[in-house]
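Presented below is the structure to which this report refers.
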2 protein chains.
Amino acid sequence: MKKWDSVAIVGVGLIGGSIGLTLRKRGLTGKVIGIGRRASSLRKARAKGAVTTTTTNIARGVADAELIVVCTPVERVVDHVCQAAEACPAGALITDAGSTKAQIVAALDGSPSERLLSDVAFVGSHPLAGSEKTGPQFAREDLFDSRICIVTPTRRTGPRDFARTVDFWSSLGSTVVKMTPREHDEAVAAVSHVPHVVASILAGSTPKQLLSLVSTGWLDATRIAAGDVELWRQILATNRSHVLKSLAKFEKVLTSFRAALESENDAKVAKLLKTGKDNRDAVGS
Amino acid sequence: MKKWDSVAIVGVGLIGGSIGLTLRKRGLTGKVIGIGRRASSLRKARAKGAVTTTTTNIARGVADAELIVVCTPVERVVDHVCQAAEACPAGALITDAGSTKAQIVAALDGSPSERLLSDVAFVGSHPLAGSEKTGPQFAREDLFDSRICIVTPTRRTGPRDFARTVDFWSSLGSTVVKMTPREHDEAVAAVSHVPHVVASILAGSTPKQLLSLVSTGWLDATRIAAGDVELWRQILATNRSHVLKSLAKFEKVLTSFRAALESENDAKVAKLLKTGKDNRDAVGS
């Protein structure tokens, strides 16, 4: 595996912090520069061992970085990639960890930064790992281990830059899957964004006076609803059409389920339960 | 805590097996008779240490039992309680672990068994504990620890029989909550049955070709969908009206959520996400 001389991480929350921690624990780099807005988060990231130095200044932070990973909320990624591109060394690779890809990649392919047209590369990524918890204090060195990371090159992506991006995520333990940005957004709408919406609605529609009675089933089914509201608002806003399409599939099955239950068609109820069980059993724990 | 001379368990799956295991590990009884249809399940329960003797004959199994716990699927509970009542000693207490209570308790209050009118007592119970796994091999001695058990006495329940039932579940580590059968069914529709339906629909509506991409969020949100289809068909069938009412609440919030997302009213989306997060955060992990 390639070792990086210096990696800059823009946004040191759970994802950025876990990237830094994994790079350091695996001896993949000597220097991890944590870049963030809040001194308190940067302190936590340093205390956790996720970064070696910190700064609130993005230009200063990326000045010597061979690799820059942007781990900020999706609506800020394009800005941060451009700011990093303007200040980083020639030949640097920039990638991100944003949960949606089409808007980000299209904006950056439209080259809002001159440097992205010449001597700096951006390749979009999305590690399918995370937690309902936020902040570098929850960073884990095994967060990406045996997880999938989707990488979304375009026609403008150079083969060497794509290979370096694959190498990077592989070195953290992830299995890389290549998709177009659009394929990515469609897929994660189904496997991540709609589950979040459904869990949130399930939690939100449970009467407050019954919350003392919840057990493991409710707790599992709603766990992700504890995720950060603003992060998720941005994710849904930047993947609106695919989320709506995927939600429509959920609603269609829900309508069948309710109709079967109402009409006492319990064979149909059992059949729908079995479809759910079969899909769940196909995946494992 | 009261010690029982002899406890009979009708149906030694996850719940029945865990009751037996907990009774034995806590030294609450010397003898646990496991009663079941299948010799293979009874063997597993014995191997696990959940029961001391086994039989496929319910009358023989309850002949000396001071306490009988019926842990069979909800549609079989009434029959098994009656069979046990006909054959058990005078003064015995019968309870159950069924996930719905109104139909079961009403049927037994209607006294299909002469003995239930004279010298044997039935008190309905529902321990809010379980797992998507089934079978005595998954029995756990901590399954009921710090969990709620709902007990549903009626006007016909004697105070001593109610107290003995409370004592029994408390001795397994549970906190007992008293409700009417109807209150119980309404509450569990919201905190258990609708979550199961929603998780099942979420799993079932995920396109099969995307199952290789699921991550922790989807896995948590759909875990309970792996539950036994026939058990859940029976639960939904015996709590139909409350499940439909509770599902309607979920659907109402879903409709608002979709409308907000469609109309790009992202402040409303954030507000709905926050309601879900607030309820989830109020409960803990």
Side-chain angles (χ1 to χ4, degrees), chain A residues 128-129 147-148 187 190-192 195-208 210-211 213-215 217-226 229-230 232-233 236-237 240 243-244 247 249-251 253-254 257-258 261-262 266 269-270 272-277 279-283, chain B residues 128-129 147-148 187 190-192 195-208 210-211 213-215 217-226 229-230 232-233 236-237 240 243-244 247 249-251 253-254 257-258 261-262 266 269-270 272-277 279-283:
Chain A
L128 301 186
R147 297 287 171 191
I148 285 170
V191 299
S192 170
H196 191 92
V197 168
V198 166
S200 177
I201 294 170
L202 185 59
S205 63
T206 304
K208 279 199 198 309
L210 297 178
L211 291 176
L213 294 175
V214 301
S215 185
W218 189 94
L219 289 170
D220 280 347
T222 61
R223 184 160 293 115
I224 45 178
V229 168
E230 173 56 15
W232 278 96
R233 183 199 64 70
L236 299 178
R240 201 181 301 277
V243 171
L244 285 166
L247 198 56
K249 277 186 198 154
F250 174 88
E251 289 181 275
V253 181
L254 175 56
F257 204 111
R258 183 172 28 75
L261 201 55
E262 265 169 356
D266 289 344
V269 168
L272 289 165
L273 288 171
K274 186 170 183 314
T275 305
K277 178 172 169 57
N279 273 0
R280 188 61 183 76
D281 287 347
V283 173
Chain B
L128 301 185
R147 296 288 171 190
I148 286 171
V191 300
S192 170
H196 191 93
V197 168
V198 167
S200 176
I201 294 170
L202 185 60
S205 62
T206 304
K208 279 199 198 310
L210 297 179
L211 290 176
L213 294 176
V214 302
S215 184
W218 189 94
L219 290 170
D220 279 348
T222 60
R223 183 159 293 116
I224 45 178
V229 167
E230 174 56 16
W232 278 97
R233 184 199 63 71
L236 299 177
R240 200 180 302 277
V243 171
L244 285 167
L247 197 56
K249 277 186 198 153
F250 174 88
E251 288 181 278
V253 182
L254 175 56
F257 204 111
R258 183 172 27 75
L261 201 55
E262 265 169 358
D266 289 343
V269 169
L272 289 165
L273 288 171
K274 185 170 184 313
T275 305
K277 177 173 169 57
N279 273 1
R280 188 60 183 77
D281 287 346
V283 173

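In the text below, chain A, chain B and the rest are named by the order of the sequence lines, each starting its count at 1.
Counting heavy-atom pairs under 4.5 Å between each of A/Val253, A/Leu202, A/Asp281, A/Ile224 and chain B puts A/Leu202 at the top. Comparing A/Leu128, A/Val243, A/Thr275 by how many heavy-atom pairs each has under 4.5 Å with chain B, the most go to A/Leu128. When each of A/Arg147, A/Lys277, A/Lys274, A/His196 is scored by its heavy-atom pairs under 4.5 Å with chain B, the top score falls to A/Lys277. Of the listed residues (B/Leu210, B/Leu213, B/Val198), the one with the most heavy-atom contacts under 4.5 Å to chain A is B/Leu213. For the set B/Pro207, B/Ala199, B/Ala270, B/Ser192, the count of heavy-atom pairs under 4.5 angstrom toward chain A peaks at B/Ala270. Between chain A and the options B/Gly217, B/Ala187, B/Ala282, B/Ala226, heavy-atom pairs under 4.5 Å are most frequent for B/Ala226. Note: A/Ile201 leads A/Leu211, A/Ile201, A/Val229 in heavy-atom pairs under 4.5 Å with chain B. When the candidates B/Arg258, B/Glu262, B/Lys249 are compared by the number of heavy-atom contacts under 4.5 Å with chain A, B/Arg258 comes out ahead. The candidate from A/Leu247, A/Leu219, A/Ile148 with the greatest count of non-hydrogen atom pairs under 4.5 Å with chain B is A/Leu219. Ranking A/Val197, A/Leu261, A/Thr206, A/Leu272 against chain B, the residue ahead of the rest is A/Leu261, based on heavy-atom pairs under 4.5 Å.
Listed here is the closest heavy atom pair of A/Ala190 and A/Pro195: O-CD, 3.2 Å. The two residues A/Ser200 and A/Ala225 have their closest heavy-atom pair at CA-CB, 3.7 Å.
Contact of the B/Leu236 side chain with the A/Leu273 side chain is registered, since non-hydrogen atoms from C-beta on lie closer than 4.5 Å. With contacts defined as side-chain heavy-atom distances shorter than 4.5 Å, the pair B/Val214/A/Arg280 does not qualify. Side chains of B/Asp266 and A/Arg240 form a contact here, defined as non-hydrogen atoms less than 4.5 Å apart.
Here B/Trp218 pairs with nothing under the ring pair (Phe, Tyr, Trp, His ring centres under 6.0 Å) rule; sequence neighbours left out.
In this structure, the portion of A/Phe257 lying under 4.5 Å from any heavy atom of chain B is its side chain and not its backbone. Interface remark: A/Thr222 contributes backbone and side-chain atoms alike to the contact with chain B (heavy atom separation under 4.5 Å).
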